[in-house]
Amino acid sequence: LDSAPQMRIFPGTFRASERVDLAFQVEGTLAELPVKEGQQVAREQLIARLDQRDFKNSLSEAEGYRARAQAALDGANSEYERILRIQKMDPGATSESMVVARREAMNKAIAELQSAQAAERAAADKLGYTTLSAPFAGIVSRRYVDNFQEVHAKQTIVSLDDLSSFEILVDIPEIVV
């Protein structure tokens with residue numbers, strides 16, 4: 001009987017244990033793509049940036065909408081407080097329906113302001129989504145697009161591999177196990 005261990009060879013894949021495909025969450029024109037395939041990048045280094053003009057304009061518009069809503073709320077609040085003061089000084093000078101109408105106007109202005117603030121946050125988020133940064137230090141293993149190209153949301157821009165640790169994937173047939 002042969003007691004020597006039997007050697008077997010199985011195909012496998014050697015790859016970085018941490019890897020990611022980076023994509024924008026919004027669509028736009030690629031304005032900056034400073035990385036090349038095989039380039040080492042630091043954590044939070046710029047990978048790509050979309051043209052931000054439209055996103056900045058949307059944010060400015062949302063800020064203006066919020067400012068108008070804040071001014072409307074200030075006016076409605078002032079009117080409500082004024083009508084309450086009049087009612088307190090001379091109950092017969094104002095009707096209850098006037099007080100209710102001013103309170104409803106103030107509540108509507110509060111809702112408008114909340115909506116405007118949400119729109120402003122959404123516009124700021126979209127502006128933030130126009131920049132892709134490296135989530136970890138690594139190597140750009142593949143670039144899928146070129147600069148100045150129109151890209152879609154969720155379209156892979158680059159693949160990034162962390163080469164500080166690796167994994168080996170081996171397919172072993174069931175009969176061997």
Side-chain angles (χ1 to χ4, degrees), residues 1-70 73 107 110-177:
L1 293 174
D2 189 7
S3 64
Q6 192 176 37
M7 179 185 272
R8 296 188 180 202
I9 298 174
F10 300 102
T13 305
F14 183 78
R15 66 182 188 187
S17 59
E18 189 170 13
R19 59 207 169 285
V20 67
D21 289 335
L22 298 175
F24 291 104
Q25 293 187 35
V26 293
E27 63 181 36
T29 304
L30 200 54
E32 202 174 344
L33 184 62
V35 297
K36 306 220 179 311
E37 284 187 11
Q39 179 180 339
Q40 190 163 356
V41 295
R43 185 178 194 276
E44 297 185 15
Q45 180 176 334
L46 177 70
I47 299 294
R49 180 173 292 135
L50 294 176
D51 183 350
Q52 297 180 332
R53 285 177 293 185
D54 292 341
F55 296 95
K56 286 179 179 178
N57 290 339
S58 292
L59 178 57
S60 292
E61 185 179 332
E63 288 168 343
Y65 175 49
R66 187 216 9 96
R68 285 189 305 277
Q70 181 66 58
L73 174 58
N107 288 339
I110 289 170
E112 287 290 327
L113 178 59
Q114 290 171 339
S115 177
Q117 289 169 333
E120 183 179 19
R121 284 191 303 272
D125 286 346
K126 285 183 179 180
L127 177 60
Y129 296 151
T130 62
T131 302
L132 275 183
S133 300
F136 52 80
I139 301 286
V140 176
S141 58
R142 183 147 185 219
R143 256 178 53 161
Y144 294 92
V145 295
D146 292 318
N147 211 6
F148 310 113
Q149 198 173 330
E150 232 3 82
V151 296
H152 302 286
K154 309 293 184 195
Q155 177 182 350
T156 302
I157 306 301
V158 298
S159 291
L160 183 65
D161 293 335
D162 178 4
L163 300 181
S164 64
S165 64
F166 300 95
E167 61 187 17
I168 300 172
L169 304 174
V170 179
D171 292 324
I172 300 175
E174 272 186 47
I175 196 163
V176 175
V177 182

Rounded to the nearest 0.5 Å, what separates atom [atom1] in [X] from atom [atom2] in [Y]?
X	Y	atom1	atom2	answer
Q40	Q45	CD	CD	9.5 Å
K126	F24	NZ	CZ	15.5 Å
R66	R121	CZ	CZ	11.0 Å
E150	L50	CD	CG	8.5 Å
F148	E32	CZ	CD	9.0 Å
F166	R19	CZ	CZ	11.5 Å

Evaluate the side-chain proximity of [Y] to [X]: yes if any heavy-atom separation is below 4.5 Å, no if none is.
X	Y	answer
R15	D161	no
Q149	T29	no
R143	Q39	no
L46	T131	yes

Legend entry - Residues, nucleotides or ligands: over 12 heavy atoms within 6.0 Å of D54 CG: no

Check your understanding: Taking atom CD of E61 as the centre, does the number of heavy atoms from other residues, nucleotides or ligands within less than 6.0 Å exceed 12?
Key -> no

For this session: Apply side chain to side chain contact (heavy atoms under 4.5 Å, CB included) to the pair L33 and D146, showing each step before the final yes or no.
Result: CA-CA 7 Å; L33 184 62; D146 292 318; 5.7 Å; no

Heavy-atom closest contact ([X] atom, [Y] atom, distance):
X	Y	value
E27	A153	CB-N, 3.7 Å
L132	A23	CD2-O, 3.3 Å
D162	A137	OD1-O, 3.7 Å
L163	I139	CD1-CG1, 3.1 Å
F136	L160	O-CD2, 3.6 Å
F55	L127	CB-CD1, 3.8 Å

Measure from the side-chain N and O atoms of S141 to the backbone N and O of S159, and report whether any donor-acceptor pair falls under 3.5 Å.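 Indeed, once roles are kept as given, a pair shorter than 3.5 Å links the two residues.
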
